[in-house]
Amino acid sequence: MANPYGMWNLQFRRNLFVWEENLVAEIQLKLAGFTLDSSCVDCLVWKWSPNQLFSVKYAYATWEQQQHQETQDWDFCMTSIPRKNCNKVTLSKEKYHPHLSRFFLLVLWEENTFGRDSDRTSRSPAFSHEKTNESRPVRIDTLTMTVHVPFNHGMPQANRIILPYAKKEDKGIRRTVSSVQILQGNISPLPPCEYTHNDPAVVFSSGGATGNIFHEFSDIIIPLFITSRHFQSHLRFIVPDFAIRFMSKYKKIFSHLSSYEVINPAANVSVHCFPGAVVGLHYHDNLAIKTMEVPEGYSMLDFKQFLRESYNLKIRDLSEKEKPTLILISRKNKRVFMNEDEMVTMMKALGFRVIIAQPDLTANMDKFAEIVSSCSILVGAHGAGLTNAVFLPEGAVLVQVVGLGIEWISNTAFGIPAPGMGLNYIEYKIEPEESSLISLYGKDHPVIVDPGSITSEGYEILRDVYLVKQNFNIDVARFRKTLVNALGLLGRSAPLLTVPAYDQIHWPVLQPRDWRKMEKVPRGLVFLATPLICLLLLPLLYTVDLRSDVFPSDQGKIQLSTRKVGQGIEDLEHLNFHFKRLLRGEDQTQIETTGFACHTNLHTQVCVANRPVRIDTHTMNVYAPFSQQKPQANRTIRPYARQEDKTAMSLVSPVHILQGNSSPPACQYTHNVPALVFSSGGFAGNLFHEFSEILIPLFITSRHFQSHLHFIVTDFSPSFFGKFENILSHLSSYKVINPTANGSVHCFPGAVVGLHYHDNLVIKSSDIPGGYSMLNFKQFLRESYNLKTGDLSQVPEQPVLILISRQSSRRFLNENEMVTMMKALGFKVVIARPNGMSNLDKFAQVMSTCSVMVGAHGAGLTNALFLAQGAVLVQLVPLGLDWASTNYFGGPAAEMGLNYIEYKIQPEESTLLSLYGCNHPVITNPASIFAKGYTAARAVYVDRQNMYINVVRFRKTLVKALGLLGRSAPSGRRNRVLR
């Protein structure tokens, strides 16, 4: 700042280090030639834009206009998630690249996680990886693998050694990984640049445990995806310990992560200059990606999609093939299936097309990835070969045969990661009699009866006994049950009759010379074959008979085309697959045999018909007369997700399902896609209930149909459909049918009545077709409302705080005082009042730009669904509402990719204190009030309570929120604000 006499008077918030004093002296010399007009008011100005305000758009535009200059000095502020950090940056025409700002964002994200001045060595889990970011020009000498970071010349030289591999806790692996030296500070002389690049570098090792596909994916490929994917291929890889076979094996993956040839330090000994660098890779866990810890919010499903793009794999629908394909990982050295042929015979008898994956087949990754992607089930003993499950289509089944003593390893390596890949997972734990160890040690040896005592001696002993010495002789009859279970997860059932497969019948082998003598083949052969062929055909005839029993009175009016009509689903088999994915266990068997099944739990009831139905929208009768021989059965359900709530159910109209011997009315409209019937009654009108009980359940139930279905909505609410038109139009390609306005008979190839419900604002990935999660639902919302902001790297420089302002109950009585404090903390504050939230299209856009959301417990907090990933939800918890606050918003927040903080008010902050007094049970024992019933508790804690927030105390909560954003509260201003 300048004093009134026009001279510079520099002031600092802390004492300077010795090396900083020299820099200050240089600054004073430069400023000595400048004086300021004291009559002018100080302001921040970005002189290159018309409005004199900084924006990235004008920053880039200015640089592009000045390309004729060799260099352009800017005061460039790295502004994003955590904090403001302004630095003088010289951008060179040769060094500048369009994704440099994205690189800065990665650095700031790291600062948010580890602290700006801290040692950025991430330890998760168990000190598992090491990574360093540098966001200014660096020089890398590939001969010595030294990274020169010459900023802050006044700073004494610092030396850091890291191993750029993800398993630094494993000493055996560390011995095969070369170290990288990073020199910072006053480096003199700097080696001259031999190659200058426009994109940053990522340095990682291909040493370690390469050669083992599990470690290749878990320790290198997936960490590389996590660390580099958001650069959109604009970066160069420098790979010490360059393994030619490894780099060749995964060439397609590397070429999709970087647009440039990989630099092999051993073959390219020179000094390379980059605008920035990352040394090391982020690692989350075995075959896992933690969405919350990735800059762009990627998941393992995104990684699998990336693999499909890299290997040009088509998305496989598991219903496409008549025969499900099972791939068996065949091992040759250890953990071998000694009765593999017997297992394959049983698998084929169950109706599988079996592929045996021998080591030579798996060697060509390009071809093998395509094979695995066509399979429905992958079976194998615990081992690296199961890593190929990353190529299985979503919804497929991974069956892991778990040997003695390796239960924990098997579950950690493959069992836990499987759901994150969108796979069903089954373990087959072998019995001692199936292990070769019993013959080596005897049935009473601790190796058999007490594996824990062996594994406790250390990994080397465990490995030698249970991983190296153990083979399996599988009990085929017992294992068959596991595969029948796998078939059920695919929506299929085991064959009704146990008949020898065609290729198991021992036909006489005819040599070419015998072809002319075929008429002399004994007639006994014919008589042998005839009954077997008849046995094979009987199940098919039985199936045809069942399938033909559809509306005999006017069957000709039903239009069930197996070709694509309009936007209809292409064939009935494909449609049937979608129906079965909505059911589990016995319900899948029931729908396969009867064409109809219902799933019922505490909250909801969902009925599925996979054969033609007729729906009379005037009476809301669903006619499902597949089996005319059965007496008529009538089932009534209310298609809403709160079956246990009598109040909600009283606001939901019933739907009647008529099965068996009934006379359905004639079709007036015939559709080529199925129907989904649900109610927009219940608690619609309350945003929380609209999302939790209608929209999220609708997403769970219908998303996998890919918009190819009709919605029939009872208790039709025009305001509800006007409000959520964007969402509904992205779930169905057809106009919603309103029974009140369209009283007619509609015919469909199948129907779903009711919606699946998991919990408050929750999606359980393991219970949903396609393995969707709440992050997928949020992405769906971004697509539906065309929101540009996906994470905090895209929000404005100044953190925006949105305050949900309530007008009836649970109001903030000192809201203005709260807002003043928030602004003093550096927030741009948006106050959201009911009239501002009524237009969801516009309000979703506002929400998506906010870093922090603050509100008292209530429906308005549901708008947190539109917050960017990494944002902070601050819920103020009124007296008596602890359980509701945690369960309705606290728990779901993490699944939405949000940080969550609770501010529990004290009795002094609640208006209930003045109403009841400090010794009343309402204040001292809320549980006693809730014991009287929800209605009594609601009248007190929900409807009668307002709040006068202690701003000094609440300020600490918002400082914590700033910390979660990687920012800190302004210093030296607190007393002025709170006076």
Side-chain angles (χ1 to χ4, degrees), residues 140 142-143 145 163-167 173 175-178 180 195 197 199 201-229 231-270 272 278-281 283 287 303-314 327 329-333 357-374 383-392:
I140 300 179
T142 56
L143 173 63
M145 279 314 299
L163 299 175
Y165 190 83
K167 287 289 186 71
I173 288 178
R175 287 194 290 267
T176 64
V177 177
S178 300
V180 175
Y195 298 94
H197 307 279
D199 292 310
V202 173
V203 182
F204 66 93
S205 171
S206 65
T210 51
N212 177 299
I213 188 175
F214 173 79
H215 291 287
E216 288 171 342
F217 269 92
S218 194
D219 304 351
I220 301 179
I221 301 297
I222 294 175
L224 184 62
F225 176 87
I226 294 170
T227 309
S228 67
R229 178 61 169 167
F231 283 99
Q232 299 179 352
S233 304
H234 295 286
L235 77 175
R236 288 182 182 268
F237 295 150
I238 299 179
V239 184
D241 311 307
F242 191 92
I244 296 176
R245 289 185 62 184
F246 171 80
M247 302 304 294
S248 175
K249 182 178 181 180
Y250 298 107
K251 183 178 180 180
K252 288 189 175 180
I253 291 178
F254 294 127
S255 65
H256 277 73
L257 287 174
S258 171
S259 300
Y260 306 97
E261 185 177 351
V262 175
I263 296 175
N264 175 7
N268 188 334
V269 177
S270 48
H272 297 257
V278 180
V279 183
L281 302 177
Y283 170 84
L287 302 180
F303 176 70
K304 288 184 65 177
Q305 176 61 29
F306 165 76
L307 290 180
R308 285 194 287 268
E309 295 168 1
S310 300
Y311 289 97
N312 195 26
L313 307 176
K314 295 180 180 178
I327 187 163
I329 305 297
S330 179
R331 299 179 62 89
K332 294 303 180 188
N333 298 318
Q358 309 277 6
D360 57 339
L361 180 63
T362 62
N364 187 322
M365 182 63 71
D366 296 13
K367 292 182 179 179
F368 192 60
E370 188 171 356
I371 292 171
V372 176
S373 71
S374 68
L386 296 187
T387 311
N388 290 289
V390 296
F391 297 111
L392 284 173

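Quick note: residue numbers are just sequence positions, from 1.
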Distance from [X] atom [atom1] to [Y] atom [atom2], nearest 0.5 Å?
{"X": "Ile253", "Y": "Phe303", "atom1": "CD1", "atom2": "CZ", "value": "5.5 Å"}
{"X": "Asn268", "Y": "Thr142", "atom1": "CG", "atom2": "OG1", "value": "5.0 Å"}
{"X": "Ile220", "Y": "Phe246", "atom1": "CD1", "atom2": "CZ", "value": "4.0 Å"}
{"X": "Ser310", "Y": "Leu257", "atom1": "OG", "atom2": "CG", "value": "6.5 Å"}
{"X": "Arg308", "Y": "Phe391", "atom1": "CZ", "atom2": "CZ", "value": "11.0 Å"}
{"X": "Met365", "Y": "Ile213", "atom1": "CE", "atom2": "CD1", "value": "3.5 Å"}

Query - Steps toward salt bridge (Lys or Arg N to Asp or Glu O under 4.0 Å) verdict (Glu309, Arg229) - result: CA-CA 13 Å; Glu309 295 168 1; Arg229 178 61 169 167; 3.5 Å; yes
If I compare all heavy atoms of [X] with all of [Y], which pair ends up nearest, and what's the gap?
{"X": "Gly208", "Y": "Val177", "result": "N-CG2, 3.6 Å"}
{"X": "Ile238", "Y": "Pro265", "result": "CG2-CG, 3.9 Å"}
{"X": "Val203", "Y": "Ile140", "result": "CG2-CD1, 4.1 Å"}
{"X": "Lys249", "Y": "Asp366", "result": "O-OD1, 4.5 Å"}
{"X": "Ala384", "Y": "Arg331", "result": "N-NH1, 4.1 Å"}
{"X": "Val239", "Y": "Ser206", "result": "CG1-OG, 3.5 Å"}

Query raised in the report: Can you find a heavy atom in the side chain of Asp199 that is under 4.5 Å from one in the side chain of Phe231?
Result: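 Not in contact.
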Report task. Could you check if a side-chain atom of Lys332 sits within less than 4.5 angstrom of a side-chain atom of Pro359, using non-hydrogen atoms only? Result ->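 Contact flag for Lys332/Pro359 side chains = yes.
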Is there a donor-acceptor contact under 3.5 Å from the side chain of [X] to the main chain of [Y]?
{"X": "Ser258", "Y": "Phe254", "answer": "no"}
{"X": "Ser218", "Y": "Leu287", "answer": "yes"}
{"X": "Ser248", "Y": "Ile244", "answer": "no"}

Query raised in the report: For residues Tyr283 and Asp219, is any side-chain donor paired with an opposing acceptor at under 3.5 Å?
Result: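 Not at all, the side chains of Tyr283 and Asp219 share no donor-acceptor pair under 3.5 Å.
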Report task. Report yes or no: do Ser205 and Asp241 form a side-chain donor-acceptor pair below 3.5 Å? Result ->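 Present: a donor and an acceptor within the cut-off.
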Report task. Show your working on side chain to side chain contact (heavy atoms under 4.5 Å, CB included) between Lys252 and Asn312 and close with a plain yes or no. Result -> CA-CA 10 Å; Lys252 288 189 175 180; Asn312 195 26; 6.0 Å; no
Query raised in the report: Are Phe217 and Phe225 close enough that their ring centres sit under 6.0 Å apart?
Result: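 Centroid distance Phe217-Phe225: not below 6.0 Å, so no.
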Report task. Using the side chain to side chain contact (heavy atoms under 4.5 Å, CB included) rule, take Leu313 and Glu370 through it: C-alpha gap first, then chi angles, then the decisive distance, then the call. Result -> CA-CA 6 Å; Leu313 307 176; Glu370 188 171 356; 4.0 Å; yes
Query raised in the report: Counting only heavy atoms not in Glu261, do more than 12 fall under 6.0 Å of its CD?
Result: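 Counting other residues, nucleotides and ligands, CD of Glu261 stays at 12 neighbours or fewer.
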Report task. Walk me through it: do Leu281 and Ile222 pass the test side chain to side chain contact (heavy atoms under 4.5 Å, CB included)? Result -> CA-CA 9 Å; Leu281 302 177; Ile222 294 175; over 6 Å; no
Requested in this report: Dump the intermediate steps for side chain to side chain contact (heavy atoms under 4.5 Å, CB included) on Phe237 and Ser228, then the final yes or no.
Outcome: CA-CA 10 Å; Phe237 295 150; Ser228 67; 4.1 Å; yes
